[in-house]
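Because the structure is predicted, anything quoted here is derived from the model rather than measured. Reminder, nothing fancy here: chain letters follow the sequence lines and each chain counts from 1.
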Protein chains: 2
Amino acid sequence: MKTMKVPEATISRLTIYSRFLEQADAKGILTVSSTDIAKNVGVTPAQVRKDLAYFGEFGTRGIGYTVKDLLKHIRKILGLTKIWNVALIGAGNLGRALAHYKGFAKRGFEIKAIFDVDPSKIGSKIGNINVYSMDELNEKVKELDLRLGIIAVPAVAAQEAAWALVKAGIKGIINFAPRSIIVDENVILRRVDLAAELEVLTYNLQECKIDA
Amino acid sequence: MKTMKVPEATISRLTIYSRFLEQADAKGILTVSSTDIAKNVGVTPAQVRKDLAYFGEFGTRGIGYTVKDLLKHIRKILGLTKIWNVALIGAGNLGRALAHYKGFAKRGFEIKAIFDVDPSKIGSKIGNINVYSMDELNEKVKELDLRLGIIAVPAVAAQEAAWALVKAGIKGIINFAPRSIIVDENVILRRVDLAAELEVLTYNLQECKIDA
DNA sequence: TAGATTGTTAATCGATTAACAATC
DNA sequence: TAGATTGTTAATCGATTAACAATC
């Protein structure tokens with residue numbers, strides 16, 4: 001293994017491999033080959049081995065990978081060995097759903113506080129998470145050790161929410177609002193545009209004339 | 001313009017460009033340059049022009065692009081000139097949120113029916129959308145002209161939901177469950193893994209030692 | 001040992017960027 | 001005309017794939 005720049009796509013795939021490994025582990029499978037992983041997640045075996053090779057040698061030639069070991073290594077690589085506390089901005093429909101979503105906690109992400117500008121929501125609870133005023137963001141980030149931010153506000157409010165998060169010291173943000181936002185360059189920003197996913201489908205469907 | 005394979009990434013960027021153009025149009029801006037677009041969405045101007053060049057010549061040298069025209073062209077390219085009816089599988093928290101999410105309807109995607117296996121949910125409504133039994137999927141797909149499917153069920157049920165959608169004739173599917181699924185090769189499948197997005201953040205945060 | 005599978009290199013493939021003639 | 005900006009080509013960059021020696 002030589003140290004070199006790891007493609008972003010490799011990181012995304014590592015999370016996908018880890019999903020498969022969790023399933024395999026749950027089924028009691030002890031060992032998997034790169035081909036097993038590849039078949040399940042829809043990539044080539046070479047791709048799997050290359051992705052892992054950026055970080056070390058985790059397998060045994062002739063045998064494959066020990067499921068539990070590889071899972072542990074990938075979790076370490078992704079920084080998932082501890083709990084990450086999350087600030088959620090926006091207590092609307094999407095925000096409420098994300099607050100309830102079990103998949104986060106299952107992977108070590110805990111939404112510890114929700115923030116909104118709507119006075120009728122401030123002071124309420126979603127599940128057992130408090131909804132605070134945006135004015136309390138700085139304070140709560142420190143108090144609750146919030147490290148990540150999720151923006152689930154309307155498009156017009158997205159940039160402001162991002163600035164507030166950055167100002168409060170949050171270094172990793174996911175933006176669910178359908179608008180491009182900018183942040184300091186030492187902050188990691190990812191965009192999830194739900195409608196955009198559907199739009200890629202419609203492009204492909206009409207392209208293939210399936211729909212003509 | 002020569003006809004050649006269009007990268008998937010180009011399609012995703014077109015949706016992002018269209019978001020910016022909508023904002024610009026709302027502000028009354030008549031013309032934008034590739035540099036304007038690029039700055040806003042975080043790519044290079046050459047990238048913008050290349051992406052558009054796959055589909056035609058939409059600009060005027062020395063001037064730029066007419067906002068309304070370019071928006072219309074991109075919508076046409078993406079197949080957004082008509083309404084797409086959507087089947088949503090799963091009436092849990094995530095499903096409920098997606099059912100309420102305004103961003104879909106705003107872009108011509110209408111969730112017309114929700115399906116679940118839970119008898120306590122079947123027959124109820126989420127917003128004004130009926131929740132049906134999975135047994136009714138085939139029938140409703142025809143009756144309501146459903147073209148796209150969204151899978152928002154637990155991981156263990158995802159593959160079964162996918163098969164049901166494919167069997168019902170759905171040709172484009174978005175999978176929100178954190179599990180890889182397979183579909184017929186004439187079906188377009190996209191995966192949205194919410195926790196995976198956070199995991200890419202945590203990788204980057206520990207990588208940069210911001211967090212050491 | 002023979003069969004299987006890794007880790008790694010080199011070759012291929014594809015996407016992005018830079019540059020510039022065309023032209024408004 | 002001079003300045004601006006497109007459309008497009010060629011060059012660069014990066015990621016994927018194929019192949020195979022290493023080795024269990």
*Asks:* Using atom OH of B/Y54 as one end and atom P of D/dT8 as the other, report the distance to the nearest whole Å.
*Replies:* 12 Å
*Asks:* Quick one: are A/F109 and A/L80 in side-chain contact, heavy atoms under 4.5 Å?
*Replies:* yes
*Asks:* Sort out the partner of C/dC20 for me: Watson-Crick or G-U wobble, both distances under 3.5 Å, none otherwise.
*Replies:* D/dG7
*Asks:* Using whole Å, report how far NZ of A/K39 lies from P of C/dT5.
*Replies:* 10 Å
*Asks:* Less than 4.0 angstrom from a charged side-chain N to a carboxylate O is my criterion; do A/R75 and B/E199 meet it?
*Replies:* no
*Asks:* Figure out the CZ/C1' separation between A/R13 and D/dT16, and round it to whole Å.
*Replies:* 8 Å
*Asks:* Centroid separation under 6.0 Å, is that true for the rings of B/Y132 and B/F115?
*Replies:* yes
*Asks:* What is the distance from CG of A/L52 to P of D/dA15, rounded to the nearest Å?
*Replies:* 16 Å
*Asks:* Does a nitrogen or oxygen in the side chain of A/T44 sit under 4.0 Å from OP1 or OP2 of D/dT17?
*Replies:* yes
*Asks:* Please give the nucleotide sitting opposite D/dT12 as a Watson-Crick or G-U wobble pair, both distances under 3.5 Å, or none.
*Replies:* C/dA15
*Asks:* Under 3.5 Å, is there a donor-acceptor pair between the A/Q159 and A/R179 side chains?
*Replies:* no
*Asks:* If you assign each of A/V43 and B/S33 to its closest nucleotide in DNA chain D, which residue comes earlier from the 5' end?
*Replies:* B/S33
*Asks:* Tabulate atom names and distances for all N/O pairs under 3.5 angstrom spanning the protein and nucleotides 20-24 of chain D.
*Replies:*
residue : atom : partner : partner atom : Å
D/dA22  : N3   : A/R61   : NH1          : 3.1
D/dC24  : O4'  : A/R61   : O            : 3.1

*Asks:* To the nearest Å, give me how far apart CD (B/Q47) and C1' (D/dT8) are.
*Replies:* 15 Å
*Asks:* Looking only at atom types and distance, does a side-chain atom of A/D184 sit under 3.5 Å from a main-chain N or O of A/V187, one as donor and one as acceptor?
*Replies:* no
*Asks:* For the pair made of CD1 in A/I37 and C1' in C/dT6, what is the distance, rounded to whole Å?
*Replies:* 12 Å
*Asks:* Sub-3.5 Å donor-acceptor pair from the side chain of B/T202 to the main-chain atoms of A/L78, do we have one?
*Replies:* yes
*Asks:* Counting the atoms with a prime plus P, OP1 and OP2 as sugar-phosphate, which does B/T10 contact under 4.0 Å by heavy atoms, base, sugar-phosphate, or nothing?
*Replies:* nothing
*Asks:* Which whole-number value in Å describes the distance from A/D51 CG to D/dT16 P?
*Replies:* 7 Å
*Asks:* Both conditions, 6.0 Å and 45 degrees, for the charged tip of B/K82 above the ring of B/W84: are they met here?
*Replies:* yes
*Asks:* Give the rounded distance in Å between these two atoms: CD of A/E8 and P of D/dC13.
*Replies:* 20 Å
*Asks:* Of the options C/dT17, C/dT9, C/dA15, whose atoms approach the side-chain atoms of A/K50 most closely?
*Replies:* C/dT9
*Asks:* Pick base, sugar-phosphate or nothing for A/T35, based on heavy-atom distances below 4.0 Å to the nucleic acid.
*Replies:* nothing
